[in-house]
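Note sheet for the following structure.
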Amino acid sequence: MALKLTINSSATRIRRGGMVEESIERAAARAIVAMREGLGEQLTVDDMARAAMFSKFHFSRIFQRATGLSPGRFLSALRLQYAKHLLVSTSLNVADICLRVGYNSVGTFSSRFSKSVGMSPTTYRRCSGFAEQIPTVPAHRVASTARLYGNARLSQLGASGPVFIGLFPDRIPEGRPARCTILPAPGPYSFDTVPPGTWYLLAQSVSGDWQTPPLDPADAEGRVSVATYGPITVRRDTVRADLTLKPARDLDPPVLLALTDARELALATAAERTEGAAPSMLVSSARSPHERALQRPAA
DNA sequence: TGACTTCTCCAGCTTGGTAT
DNA sequence: ATACCAAGCTGGAGAAGTCA
């Protein structure tokens with residue numbers, strides 16, 4: 001009887017815990033809707049907390065628990081994501097876009113955009129949203145023997161496209177990843193000479209027919225699958241981290257980094273294979289076009 | 001002329017600790 | 001679980017200068 005009571009109370013706790021998590025996610029989702037609707041306005045954490053009927057202190061904590069990012073950083077990410085969309089889909093100048101997404105200073109907008117996306121707003125527009133290369137921490141500057149490897153797979157059956165996998169200091173794919181790669185399809189990956197530290201492994205895949213010409217990247221973001229693994233503490237050992245890609249939810253931080261045209265790179269790998277070259281991982285073959293595109297250190 | 005970079009200042013945010 | 005406090009930090013505004 002005592003055992004039964006214990007089991008029941010545990011079950012109740014788990015059920016109650018699940019309900020708490022659900023209500024936290026609902027509150028965060030409501031706040032994100034408010035953020036999206038008020039991108040051009042001066043929304044503060046106080047405003048969002050009031051809308052969610054929490055104190056701003058508590059709201060910050062539960063929001064971070066639900067999304068992995070503080071409300072301020074999430075809002076900044078949404079603004080920059082919207083700016084990316086406006087840059088490739090309109091002919092508005094940078095100053096107008098800056099105002100539309102809620103910044104009052106072009107200087108701030110330009111520097112934050114460059115830092116997060118990896119290129120200036122005008123360069124981003126010129127490249128139609130696709131980076132020629134993604135700068136990473138140069139291998140020769142890292143005294144490390146650490147290796148990170150694993151398998152990236154989709155949570156559900158369906159058409160799968162190329163998978164971008166990056167190692168970032170935060171739960172949001174922005175700035176310069178420590179290491180990154182693009183797989184032609186879900187499968188095994190591996191990173192050598194991983195810098196010591198605490199990292200998040202973030203993966204993104206665009207579903208659908210990846211052999212069609214690149215779409216507007218903002219449009220592509222609507223059918224994105226994502227996966228997050230971490231925090232991973234890397235020292236000198238080998239770490240395994242398997243990823244399961246699931247359809248992106250509103251609670252997932254937006255992808256800010258300008259990605260390479262993954263489909264073009266994946267096609268290059270397919271061509272390599274038909275020519276008889278060994279099917280190589282992007283980071284393990286110095287002759288791979290992906291290697292050249294991804295591992296080239298920034299100037 | 002428009003876009004970008006760099007810098008300083010400071011309001012607002014984050015975070016760790018604590019109380020209820 | 002929720003709320004509050006306080007110290008330290010972050011990021012936004014705006015000015016000045018550079019570049020194409």
Side-chain angles (χ1 to χ4, degrees), chain A residues 9-10 12-32 34-35 38-88 90-129 131-132 135 168-176 198 200 230-231 251 253-254 256-258 298-299:
Chain A
S9 59
S10 298
T12 305
R13 259 203 311 278
I14 291 164
R15 208 164 41 238
R16 195 176 294 162
M19 283 166 68
V20 168
E21 285 304 317
E22 255 180 47
S23 73
I24 282 173
E25 290 195 353
R26 269 202 305 273
R30 274 200 306 273
I32 291 168
M35 286 181 193
L39 275 182
E41 295 158 25
Q42 304 302 314
L43 206 59
T44 65
V45 174
D46 245 348
D47 296 333
M48 292 182 263
R50 264 199 298 275
M53 291 188 287
F54 290 116
S55 75
K56 64 176 180 178
F57 311 101
H58 187 60
F59 174 72
S60 282
R61 277 178 224 267
I62 63 164
F63 191 90
Q64 185 138 27
R65 195 159 125 196
T67 67
L69 286 182
S70 64
R73 282 199 71 188
F74 203 103
L75 179 59
S76 285
L78 287 179
R79 284 174 168 172
L80 291 178
Q81 186 191 33
Y82 186 40
K84 281 167 66 181
H85 171 72
L86 292 176
L87 279 165
V88 294
T90 71
S91 55
L92 291 169
N93 65 32
V94 172
D96 286 340
I97 290 174
C98 154
L99 291 173
R100 283 208 185 193
V101 300
Y103 285 92
N104 291 318
S105 159
V106 183
T108 301
F109 171 69
S110 173
S111 59
R112 297 287 185 265
F113 189 97
S114 303
K115 184 166 169 272
S116 293
V117 178
M119 60 176 74
S120 67
T122 42
T123 309
Y124 184 85
R125 171 173 274 164
R126 210 167 37 237
C127 301
S128 306
E132 226 175 74
F168 292 87
D170 279 314
R171 265 195 64 176
I172 182 165
E174 67 171 354
R176 180 190 283 209
T198 300
Y200 287 87
L251 294 176
L256 294 183
L257 184 68

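Below, read A as the first sequence line, B as the second, and so on, with proteins coming before strands; counting in each chain starts at 1. Atoms considered below: every heavy atom in the structure, side chains included; atoms not considered: hydrogens, waters and symmetry mates. None of these values were measured; they are calculated from a predicted model.
- At a threshold of 4.0 angstrom between heavy atoms, the contacts of A/Tyr103 are confined to the sugar-phosphate backbone, with no base atom among them.
- Atom-to-atom, CZ of A/Arg112 to P of C/dT10 comes out at 11 Å; the value is rounded to the nearest Å.
- For A/Val94, the side-chain atoms get nearest to B/dA3 when compared with the rest of B/dA3, C/dA3, C/dG12.
- Taking atom CZ of A/Phe57 as the reference point, atom C1' of C/dA6 lies 9 Å away to the nearest angstrom.
- Rounding to whole angstrom units, CZ of residue A/Arg125 and C1' of B/dA3 are separated by 12 Å.
- For A/Arg61 against B/dG17, a side-chain N or O and a base N or O form a donor-acceptor pair under 3.5 Å.
- The shortest distance between the side-chain N/O atoms of A/Ser120 and the OP1/OP2 oxygens of B/dT5 is not below 4.0 Å.
- For the pair A/Ile97 CD1 and B/dG2 C1', the computed distance is 14 Å after rounding to whole Å.
- Side-chain atoms of A/Ser110 and base atoms of B/dA3 include no donor and acceptor less than 3.5 Å apart.
- Under 4.0 angstrom from either OP1 or OP2 of B/dT14 there lies at least one side-chain N or O belonging to A/Ser60.
- One finds a side-chain N or O of A/Ser70 lying less than 4.0 angstrom from the OP1 or OP2 phosphate oxygen of B/dT14.
- Contact between the side-chain N/O atoms of A/Thr108 and the OP1/OP2 oxygens of B/dT6 is not found at any separation under 4.0 Å.
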